[in-house]
Each structure stands twice: as structure tokens, then as C-alpha cells.
Q: 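Before anything else, here's the structure in question.
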Amino acid sequence: MFWERLYLGMISMSRQNSGKIILGMLLVLFGTGAWVLPGLSGWVQVFAQGSTVIRIAGSTTVLPIVSRAAERFQSRHPSIKITVNAGGSGVGIHGAGTGRFDIGLASREITPNENQRYASLHTTVIGRDAVACVVSSEIFHAGVRTLSKRQIGYIYLGKITNWKQVGGPDRPIVVIDKETHRGTRHVFMHYLFGNSKARAPGARLVTGSNNEEQAKIAQSDSAIGMLSIAWMNEDVAGIGIHEGGQVIQPTLDNVRNGRFPIARNLNLITAGQPAGAVKLFIDYLLSEEGQRLVAESGYIPIHSPHAVSRVAGSHSK
Amino acid sequence: MNRRLLKERLSMFALYGLTAGGGLILAVILITVFTKGAPALSVSFLFEASRNFGLEGGIFYQTLGTLILMAGAALVCLPVALGSVLFQTEFLHSPQLKKIFRLLIYSLNAVPTIIFGLIGYLFFGVFLEAGVSWVTGVLILAVMILPTLHVSIHEAVETIPKHYREAGLALGLSPGQQMRAVILPQSLHGIVTGTLLGLARAAGETAAIMFTATAFSGVDLPQSWTDPVTTLQTHILVLAQEAANPEALTNAWGAGLVLLAIVFILITATLWIRSGLEMEAER
Amino acid sequence: MIQHSMFHEKGPVFWWTGLAGVMAAGTIVILFASLVIESVPVFKAEGISFLWGVDWFAGENYGALPMIFGSLAVTGLAVVMVLPFALASAILTSEFLSGRARLMVKAAMELLAGVPGIIYGLMGISLLTIWVRDVFGLIDGNTLFTAGLLLAVMILPTIMTLSEDALSSVPGELRDTALSLGLTRMETVTKVVVPQALPGLAGAVFLGIGRAMGETIAVMLVIGGIDRLPQPWFNLFAPGQSIPSKIGREAAEALGFDVQWSALIALGLVLFVMVMTLTFAGNVLLRKAR
């Protein structure tokens, strides 16, 4: 704004007052110096040393495991630095394919389209998860504990628009969709409509990360959404899915024994076979300790059958 | 006459009412940031690394990241801005060319920042192969704040009295000496205020760097040219999306308060320098 | 005749400034050219109907109309909401405040104009969306209206201070004459000062709109993020999407490749053209006013 006014000749500046300018600069320097000085010395040292960097990005479902693992891994391998970024499964797969990242995180499988574009993508499964259909706790407590696949589908298509149509209170449904490249959406839409790219004309909001979706559902008192089971909590309740005459609850046990219908692998995507530091890190994730982190993050480890069995949602993020 | 008086009274009332309303809204915003952010602040919040996805710990590296990006941008931008000003004032003689030059710089100022992010990534991230890194962020922000610096410096150089330069020439100064002895010292205030404002603009920017320069976790200080950083702006963005979690919100407001303080210090310094100048000009 | 330029010889100073000058002036040209070139693929794939297509699904369809509509809607809303406040405070400051008070107000506005967009975004997502939902009895508070309201607050200082500049640049003699003719102070303002300053005021508003249209972060967090025209189209309490918000949400995925990237760049081009038109109109008006 100052710029515009100066440009338009609304204000003008004349000769300087060097005392004030120097004082002003000092003020700014002291204000920022507190951070710059300790940082700078460390920075110079590190820059001189150099290190291996593993760049990781993608699914916000896989992200908590990898962030936790990266923290532990780095304390044991100080010369390897791991940066982790969110963005979604699409970002992870594209990033790995194009070399922008060393490891892409994906909470869905690589599509044929993506496989075609990036020939050498390699997938390592590090855990299993399920996508639950979740509702605001108010709706859950008002009695909507289960929905059938057909009902959820109709809600997303906009054919059911009020909770009373499915046994809830007389309140419009706030249908929450996700950005189209998100892994959670692929898996969920594939379950509902047999098409991972199905449109959801009934949607009211579109969110990105698991965190964002969780927050929007918690802030609302009449929302429905799709969420990794690790994100369920007291404000965001997972509902049972009514299928074939029985109700299947979104619990880790039901995912483990294969009954819950919307399960998925948590994948690490690399361009070609993992090698070097990347392999070291992936091996760590597959080790007993790494798999324990998978369980701690609220998911199902793939290699350790003795992993703690507990109800999904008890884990607080 | 009575109706006129009534009308006068009423419109004055409306004027004060609306102004008070606007002022109140802005005051509420500042008060909100301060009251919500203050509880988060502590020495450990300012100087510790963040833990557990920003829910615990502090914002040390985020603050550093913001400072690295803004300082880097100003450092890269300053020589270009200074050079382009001198090009405009000393080299371009035709008024038409000067006008076109002004127009081009002015247009740059109006470009929405997200576009700098898009095209900047293409140039610095892809062509220069810097990827998602602090270097990409610095370069994008440098381009973004170029007009801010340019016009402040331009204003200052433009108003150097003619006889200063003539005196320099009469003394037989070479161009380099002329620049060191006359032009730079005489336009110092423009350079300083422009840089401060540029820093403030860079510090407040999120859209241009959120997908080009920053990472979510595992970042402390960049250890090579192609490392991403983490910044206050993007940290707040991530935490804001967890708005239903009180811990996340508290830390987001705390980070917001620190960011606001950085920006306000820079703008206040500018205003302060300028107020001195204006008073001197009135004398 | 003394040569006033210090550039009569082509020393290092000449090359430095020349290079810098070309870089500074060339940036906008390169920016525009890249936007045009990079958006070619999507226009090839979708044709010109990209501009009025209503369906956007990455990998399948790219239609920009919901985003264009959303951008226009939120900025339009913001301007309508901010104008009374901005103009009233500008008039009060310029015509009724003492010199010192005026400087203080202006300084405060400069400061407020610097508040980063992410702070407004945080405020929007944690307070405003809930407030809008409860006050207007909506099922959800992430709407075009919320985004417009947030933008209105954001551009208040900018529009206020630019309008104030336009008002104070009206010569004092006009006011004295009007007052001596028996007009009240308020009549002087409405019948003499404001009409005189009108081009300047319009310019201020245009610049403010341009600024609002390009805002990304604050809008992105409260607009709802859905690429769809509201039903009916004037229902602004419905969620929507603006151009910068769309780019902000999808850029990380598309970065540098494919038709999707091209579509985002084309959105950027549309935004660029809209903002530039506004800025130049505002600029011309403001210069004419002086």
C-alpha cells in the first residue's frame, strides 16, 4: 500500500536522517538477532559437513508413521536427514515418479495411468489401514450408528440430504468430500461406486488433509465424511457399515481379520528398487521397531502378528 | 433550515458510526491475535523445536525459516533493485521509455502472489533444478518484493538535488566514485525503507512459498542448496487446518503473534524513519 | 555542456545497472509469456470452452467457470461490504481530523495493511466460519459470503488510506469557497469534495479489488473448496471456489506436469488478466485525479 501511494506521488520522502535510520536498523537487527546468531553458527557447521537427504512427501495418512520413524532414524544416523511433506497420495506418486522426492507416500495403489507414465515405480507396503465413514459426534449420539453402503452412496450423490431419512435428527447433512487426488477418496469412492473417480454431487465441502477433514467434521454438528481410522476421536465418530445383514464396525480387529470392507495398504513409492539411504530407511520401517511405530500411529503392522490389538480411535493424534 | 441541520447531524452520526465500526473490527482482530497468542508464548516456545507435528514444543526453526527466506530475498533483490533504479534514472533518457519502464515495474507489483509461486517454481525449481527448497523460496520472494524496493529507492534517487551531482562531476569524480560519494549516501533512506518494507512483505507471504519452499516435518536448518525449510506462515497453515484441536490452535495463534510482531517491527521502523523525514521536510 | 549521466563510458556500473534494469523490466514480460505458453495444452485439450466449462475433475475435465465466478463473487461481496466503512473513515480522517490525528490514523492503517493473510485465514477458520454459521443459521459456515467478509476486513485499510489520499488531494480553496457560500461542513464534503475526488476514489477501490482478487490463503481456508456454481447462482451463502484458492490446493499435486498443470496455469492467466485490468483502470483513474 505504501508502495502504491509512493508510486502515485501521494507521499514523498526527502533527505535522510542517518541517525534514525541506523537506530532503526539496529532495532531490527536486535529483534531478529536472537534467532539468527545461534542458528547461523550451527548452520555454517552443518553446511560445511554436508549430509545425505531423503525427501519424502505425500499422503497425510502415512505421514505420521514416517515422521515419527524419521525422527528416531535420524537420531541413529546423524548424517542422514529426512524431510517429510504433506500433500496427498497424488503428490507422493507424482513426486516419486518425477524424482522430486525420493519416497512418495500413498494410501492407495498406483493407478494404471500413473504406472504407464512412470514406468519404474516400486511399491513397499509398510502397514494396513481402513477408511471409515465418520459422522459428527452429535449425529452419532442422536442414534445414527450404522449406515448401509447404499445409504452412504445416496448421501454422496445428493439423493439423501437430511439425517432424518436415515434415522437421525431432522437436520440437513453436511457432506464432506476430499480433493480428487487424495488416497482416502480413491479407496472410499471405489468402495461406494466401484469407481475411484466417482463424482459426489451431494458434497458441500471439499477438504485436503486428514487433519482438515477431521477438523471440519468436529466443528460441525451434522457432517459426514471419510477418514482413516487413525483419525477417529470423541468428536469424529466412525459408524458401522451395514452389509449383508450384519454390521461391521470400523475397528482394527475387523480390518485385521478382513471383515471391514474399506481396507487399504499404506505404501511407500520409490522410483525403482530402493537403494542406499532410502533402502536403509525403508528397512527400518519394516523392522520390528518401525512396525511398532505403525501400530502406535493407529494402523496395522504387516510383519508383527503380536502387535497390540486395540480398538481404533482410542489412539489420539 | 431545521431539516438541513438534522441532515447534517444524521450524516455526521453515520460517519462516526461507520468509522467506529471499521475501527472496532480492526481493533478486535489485533486484540484477538494478542489474547489468543499470548498464552502460547514462553521462552521455550520461542527457542525450542516443534514436536509431535507442531502440537508440542516451540517454533524456533519456523521463525528461523521465515527469517532466512525474507533476509535471503532482500539480499538477492537489493542489488537488482538498486541497479534497475540507476538504469531507469541515469541511463534511460527518453520519457517514453521511462514511462514504459515504470509501467512494467508497476504491473509486477499487481501480480497475485500465487502466480509468482507457480511460475517461480517452473523457473527456479524445475529449470534451475533447485526443487522444493529454500533457494527456490528466496528467489521467488526476491522477485515478488522487487517492485517494493525499486520504487522506494527510485523515489530517493529521483529527489537528489541536481547540484549535488553537479558538484560531484565538477570535482572530476569517476562514475564509481560518484556513486559511492553522492548517489548511494543520498538515497540511503530509500534503500533502507524499501528493504524494510520488502522484508515485511516477504515475511507475511504464504501462498508463493507453500508448495515451492517448505516442508512439513524433519526440517531444521537447510543443509544444502536444495533443502526445504519450515516457516511460521506454513506452520500456521498446517495447524489452522486442525482447528478443532485446542492445542493446535493455541500454537497456531502463538506462531501468528510472533509473525505479526516481525511484520509490525519492520513496518514501524519504516514509518518511524519516514516520519523523521517528513518532519525534516516541513522545516 | 556537462554530461549528466555517469554512463557515458561503458564500465562495470553500466553493465550492472543494464542487466538489473533488463531483469526488472523483463520479469513481468517473462511471467506473462510463461502463463500464455504453459496454458496452451489445456486450451488444446478443452478448447476455449475451458473458460465457461462448469466441471473440473483432475485428469478428466477442466472447466474454469466456477472458479472465475467464485473469484468475482467474493471480491464483489468484499467491496460492497467494505465501501461504507472505508469511505466513511476516509472522509472523517481527511475532512474532520486534525493534522496530528490524521497522521496517526494513516500510520495505523499502514500497519494494519501489513497483517499477513495467514493470520486472517487462521481467524477465519477458527472463528469466522463458526460465527457465520450460527448467526445466519446455515448448516455450514464455509461459504462464498464468509470469504467475502474476510476479504472485506483485509482490504479495509488499503481502500481507506488510498481514498483518504484522494480526498485530501482536493485543494483547500474549494472547501473554503463552499463554506463561505453557506454550505455546512457535511454539504461541503458531499457536494464539493467527494465529486472532485471521485476518479481518485474509484481508483482506490479498483486497486483494492485487484488486491482482494489475488488473495490466496485466507480465502482458501474458508471458502469451502468446492468447484461448483452455487444453486441458484446468486446464493452466496453456498460454498464455492476462487481461482487462487484452486491453484493453492492443486498446485502441489500438479507441479510442472501434465494438462492439470496447464489448467492451473490457465487459471492463473485468467486471474492475471482480471487483476491487471483492474489495476490499470485504478491507476489511470488515480493519475487522472491528480
Side-chain angles (χ1 to χ4, degrees), chain B residues 4 8 11-12 15-16 18-19 21-22 25-26 29 32-33 79-80 83-84 86-88 90-91 101 104-105 107-108 110-115 117-119 121-122 126 143 146 150 165-166 169 175-176 178-179 200 204 206-207 211 233 236-237 240 243 249 252 256 259-260 263-264 267 271, chain C residues 2 4-7 9 11 13 16-21 23-25 27-28 31 34-35 84-86 88-89 91-92 107 110-112 114-119 121-123 125-126 153 156 184 186 210 213-214 216-217 221 244 247-248 251-252 255-256 264-265 268 271-272 275-276 279 283:
Chain B
R4 246 183 101 193
E8 174 86 5
S11 36
M12 279 310 285
L15 210 56
Y16 276 101
L18 285 170
T19 308
I25 292 168
L26 294 173
I29 285 172
T32 312
V33 179
V80 178
S84 68
L86 294 176
F87 177 75
Q88 188 184 2
E90 317 292 316
F91 184 66
F101 197 86
L104 289 173
I105 302 271
S107 315
L108 194 60
V111 174
T113 54
I114 186 99
I115 291 183
L118 279 181
I119 304 295
Y121 185 79
L122 204 62
V126 180
V143 175
L146 177 64
H150 181 98
R165 290 161 184 257
E166 279 163 2
L169 281 173
Q178 172 89 326
M179 181 157 332
T206 313
F211 56 90
Q233 300 96 296
I236 301 171
L237 179 64
L249 268 189
L259 180 64
L260 198 65
V263 172
F264 274 13
I267 299 180
L271 289 171
Chain C
I2 297 173
H4 277 281
S5 163
M6 48 191 229
F7 296 93
E9 54 186 275
V13 172
W16 161 45
T17 58
L19 186 67
M23 277 166 77
T27 307
I28 185 79
L31 213 58
S34 323
L35 284 174
F85 295 102
S89 49
I91 291 174
L92 193 73
E110 298 266 351
L111 212 54
L112 283 165
V115 175
I118 184 68
I119 305 247
L122 179 58
M123 199 158 310
I125 199 171
S126 63
V153 181
L156 175 60
T184 64
M186 202 65 209
M213 199 170 263
T216 307
I217 284 296
L221 290 173
I247 299 176
L255 226 48
L264 290 180
I265 296 272
L271 178 69
F272 183 88
V275 170
M276 282 304 158
T279 310
N283 195 22

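Labels below follow one simple rule: chain letters A, B, ... track the order of the sequence lines, proteins then strands, and each chain is numbered from 1. Keep in mind that this is a model prediction, so the values were computed, not measured.
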Q: With only heavy atoms counted, which part of V263(B) is less than 4.5 Å from chain C, the side chain, the backbone, both or neither?
A: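 Answer is side chain: those atoms of V263(B) sit under 4.5 Å from chain C.
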
Q: If I compare all heavy atoms of L221(C) with all of A240(B), which pair ends up nearest, and what's the gap?
A: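 Smallest heavy-atom distance, with atoms named: CD1-CB, 4.4 Å.
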
Q: Which pair of non-hydrogen atoms, one from A20(C) and one from P79(B), has the smallest distance, and what is that distance?
A: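 Closest approach of A20(C) to P79(B), heavy atoms only: CB-O, 4.3 Å.
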
Q: First locate atom CG of L112(C), then atom CD1 of I25(B), and finally report the distance between them rounded to the nearest 0.5 Å.
A: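 Nearest 0.5 Å value for the CG-CD1 distance: 12.0 Å.
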
Q: Counting heavy-atom pairs under 4.5 Å with chain C, which one of G256(B), G117(B), S11(B), A243(B) comes out on top?
A: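 Top option by heavy-atom pairs under 4.5 Å: S11(B).
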
Q: What are the two closest heavy atoms between F85(C) and L18(B), and how far apart are they?
A: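 Minimum heavy-atom separation between F85(C) and L18(B): CD2-O, 3.2 Å.
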
Q: Which atoms of F101(B) come close to chain C, meaning under 4.5 Å heavy atom to heavy atom: side chain ones, backbone ones, both, or neither?
A: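 Only the side chain of F101(B) comes within 4.5 Å of chain C.
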
Q: So which residue, G248(C), A25(C), G214(C), ends up with the most heavy-atom pairs under 4.5 Å with chain B?
A: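 Looking at each option in turn, the highest pair count goes to A25(C).
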
Q: Distance check, rounded to the nearest 0.5 Å: R4(B) atom CZ versus T184(C) atom OG1?
A: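 One finds 5.5 Å between CZ of R4(B) and OG1 of T184(C).
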
Q: Give, for atom OG1 of T19(B) and atom CG of L92(C), the distance between the pair rounded to the nearest 0.5 Å.
A: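 Output value for this atom pair is 4.5 Å.
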
Q: State, to 0.1 Å, how close G83(B) and T17(C) come at their nearest heavy-atom pair, and which atoms those are.
A: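 Closest approach of G83(B) to T17(C): O-CB, 3.4 Å.
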
Q: Of all heavy-atom pairs between A251(C) and L118(B), which one has the smallest distance, and what is that distance?
A: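 Looking at all heavy atoms of both residues, the shortest contact is CB-CD2, 4.2 Å.
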
Q: Report yes if some heavy atom in the side chain of L271(B) is under 4.5 Å from a heavy atom in the side chain of E110(C); otherwise report no.
A: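 Contact flag for L271(B)/E110(C) side chains = yes.
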
Q: Taking all non-hydrogen atoms of both residues, which atom of I115(B) and which atom of F272(C) are closest, and how far apart?
A: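 Closest approach of I115(B) to F272(C), heavy atoms only: CD1-CB, 3.9 Å.
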
Q: Let me confirm one number: the CD1-CD1 distance from I119(C) to I29(B), rounded to the nearest 0.5 Å.
A: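 If I round to the nearest 0.5 Å, the distance is 10.5 Å.
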
Q: What residue in G22(B), G21(B), S84(B) has the most heavy-atom pairs under 4.5 Å with chain C?
A: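 It is S84(B).
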
Q: So what's closer than 4.5 Å to chain C heavy atoms on L237(B): side chain, backbone, both or neither?
A: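 Both parts, backbone and side chain.
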
Q: Taking the side chain as C-beta and beyond, is there a heavy-atom pair between L260(B) and P116(C) under 4.5 Å?
A: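 Yes - at least one pair of side-chain heavy atoms lies under 4.5 Å apart.
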
Q: The test is side chain to side chain contact (heavy atoms under 4.5 Å, CB included); show your working for L146(B) and M23(C) and say whether it passes.
A: CA-CA 10 Å; L146(B) 177 64; M23(C) 277 166 77; over 6 Å; no

Q: What option among I28(C), L19(C), V275(C) has the most heavy-atom pairs under 4.5 Å with chain B?
A: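 The option with the most such pairs is I28(C).
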
Q: At a heavy-atom distance under 4.5 Å, which candidate from G114(C), A88(C), A252(C) has the highest pair count against chain B?
A: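 So the answer, after comparing G114(C), A88(C), A252(C), is A88(C).
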
Q: Quick one: are Q233(B) and I217(C) in side-chain contact, heavy atoms under 4.5 Å?
A: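 Result no, sub-4.5 Å side-chain heavy-atom pair not found.
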
Q: Can you tell me which portion of V111(B) sits under 4.5 Å from chain C's heavy atoms? Options are side chain, backbone, both or neither.
A: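 Both parts, heavy atoms under 4.5 Å.
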
Q: Rounded at 0.5 Å granularity, tell me how far CD1 in I114(B) sits from CG in L264(C).
A: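 Rounded to the nearest 0.5 Å, the CD1-CG separation comes out at 9.0 Å.
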
Q: Heavy-atom distance under 4.5 Å to chain C: side chain of I119(B), backbone, both or neither?
A: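 For I119(B), the side chain is the part near chain C, not the backbone.
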
Q: Please check if atom CE in M276(C) has more than 12 non-hydrogen atoms from other residues, nucleotides or ligands closer than 6.0 Å.
A: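 Atom CE in M276(C) is packed in, count exceeds 12.
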
Q: Is A110(B) in contact with chain C via its backbone, its side chain, both, or neither, using a 4.5 Å heavy-atom distance?
A: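 Both parts, backbone and side chain.
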
Q: Where on I125(C) is there a heavy atom nearer than 4.5 Å to chain B: the side chain, the backbone, both, or neither?
A: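 Interface part for I125(C): both.
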
